[in-house]
Amino acid sequence: MESLQERSGPISALSTPSRPLPSHPDGTGLPAGHPLVDGRTASAPLIDAYRGRTPARRPVWFMRQAGRSLPEYRASRAGTEMLEACLTPALAAEITLQPVRRHDVDAGIFFSDIVVPLKLAGVDVRIEPGIGPVFGSPVRTAAEVDRLLAEHPAESLDDAALAPITEAVRLTVADLGGTPLIGFAGAPFTLAAYLVEGRPSRDHLAARTLMLGDPDSWQRLTTWAAEVAGRFLRAQVLAGASAVQLFDSWAGSLSRENYLRSVAPASHHTLAQVSDLGVPRVHFGTGTGELLAAMRDVGADVVGVDDRIALDEAVRRLDGRVPVQGNIDPALLAAPWPVLEAHVRDVVARGASAPGHVVNLGHGVPPTTDPDVLTRVVALVHAIER
Ligand SMILES: Cc1c2[nH]c(c1CCC(=O)O)Cc1[nH]c(c(CCC(=O)O)c1C)Cc1[nH]c(c(CCC(=O)O)c1C)Cc1[nH]c(c(C)c1CCC(=O)O)C2
């Protein structure tokens with residue numbers, strides 16, 4: 001196989017492009033039998049909206065739609081650790097399908113986690129219930145970065161290592177029919193920040209200390225994370241995912257200047273790993289009101305918007321050039337229905353100013369959400385007249 005590094009050039013030579021890399025709308029790089037090329041998902045409402053069209057049915061899905069809000073998820077997961085569940089293909093496929101069956105959403109999002117490719121590269125990481133990813137040893141010094149890269153080279157994430165992912169995606173897509181599967185990865189900054197902090201953190205101080213205090217080590221770490229995330233994304237698309245989303249959940253803690261200098265080249269590298277495959281690429285983060293255009297320009301076709309900014313204002317900051325996804329406030333899922341309904345209608349109205357709009361939350365489904373409320377939101381979004 002052509003090396004991934006060759007495909008987009010050495011990362012050190014990359015600067016932030018002024019325009020997204022072109023993708024191939026006909027999906028010419030995809031294998032025969034892929035849902036986007038054999039007709040199953042090519043004109044699904046989700047794909048149409050991601051390509052800037054206006055499908056008759058307004059598409060909607062939810063970040064973290066698979067998970068603790070669903071009793072069938074809690075039953076499936078009982079007795080199985082999170083990362084073990086992610087790496088058991090039949091279980092990962094079943095959990096991915098649960099919210100699609102229940103809510104009539106317009107996409108499945110692959111049940112996995114942003115740290116799964118790190119685990120597959122041999123990194124010591126667990127997901128602690130109620131906390132999130134916890135690493136055996138944080139990576140904070142030049143020597144620790146060297147050791148990580150030497151012991152867990154990105155190339156170790158080869159087809160054999162990625163087999164549980166490929167298999168789970170194949171099983172899922174076989175059941176999804178005309179509903180597209182979205183593959184995803186964590187963006188290099190969010191992955192690197194987890195590695196440096198060693199666990200979830202509020203302010204990401206240690207990550208920014210390494211980023212600004214030792215830019216060489218930071219660049220080696222984010223280049224590695226970019227390659228690992230890119231391989232994870234590419235495997236999902238080749239196995240049948242019809243779109244991808246890059247989660248840079250923590251990017252909002254950076255100034256625009258630091259984002260452009262220290263993060264954007266690596267995110268560009270990750271998204272470039274699937275640019276020849278022609279699948280729509282969504283880029284999402286929280287607190288990113290000042291970063292929206294920069295996040296578009298690293299190679300995204302669609303920008304995911306959180307609930308801290310009005311969607312029409314986000315569209316304005318993006319010069320109306322790309323479709324958007326978002327941004328129902330997750331807090332309102334627990335509010336009285338008339339309040340939630342008015343908010344959903346407002347989000348839909350503001351999204352109409354974009355060249356395409358996929359309705360979603362501004363961040364993930366809270367675990368305490370009543371799943372019937374999500375089903376009702378889907379029905380409402382589908383019923384609102386254009
Ligand atoms: C930062 C991040 C992580 N994971 C992810 C992100 C980026 C998106 C975001 O900002 O939320 C991405 C993610 N994690 C999960 C998915 C699956 C698909 C989906 O959205 O339904 C996706 C897309 C499953 C999961 N990932 C996790 C769960 C909960 C596991 C459980 O059931 O206990 C799920 C369903 C665990 C996890 N993994 C992570 C956290 C912070 C947590 C929560 C810890 C907790 O609250 O218990 C890291």
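Counting starts at 1 for both ligands and their atoms, following the listed order. Values below: every heavy atom of this structure, side chains too, minus hydrogens, waters and symmetry copies. Keep in mind that this is a model prediction, so the values were computed, not measured.
Heavy-atom separations between Y73 and ligand 1 include at least one value shorter than 4.0 Å. Not close to ligand 1: G364, with no non-hydrogen atom less than 4.0 angstrom away. A heavy-atom separation below 4.0 Å is found between F110 and ligand 1. In this structure, W250 does not count as a contact residue of ligand 1, since none of its heavy atoms falls inside 4.0 Å of the ligand. Ligand 1 has at least one atom lying under 4.0 Å from a heavy atom of S112.
In terms of polar-atom proximity, R68 is counted as a contact of ligand 1, with an N or O under 3.5 Å from an N or O of the ligand. The shortest N or O to N or O distance between M63 and ligand 1 is not under 3.5 Å. Here's the thing with E128: none of its N/O atoms is less than 3.5 angstrom from an N/O atom of ligand 1. Close N/O approach between H363 and ligand 1 is found [any backbone or side-chain N/O within under 3.5 Å].
Note on E290 versus R317: salt bridge recorded, some NZ/NE/NH1/NH2 to OD/OE distance being below 4.0 Å. For the pair R296 and D319, the salt-bridge criterion is met [side-chain N within less than 4.0 Å of a carboxylate O]. With salt bridges taken as basic N to acidic carboxylate O contacts below 4.0 Å, one links E313 and R316.
Formation of a donor-acceptor pair under 3.5 Å by the Q236 side chain with backbone atoms of F184 is found in this model.
Contact of the F111 side chain with the Q98 side chain is not registered, since no non-hydrogen atoms from C-beta on lie closer than 4.5 Å.
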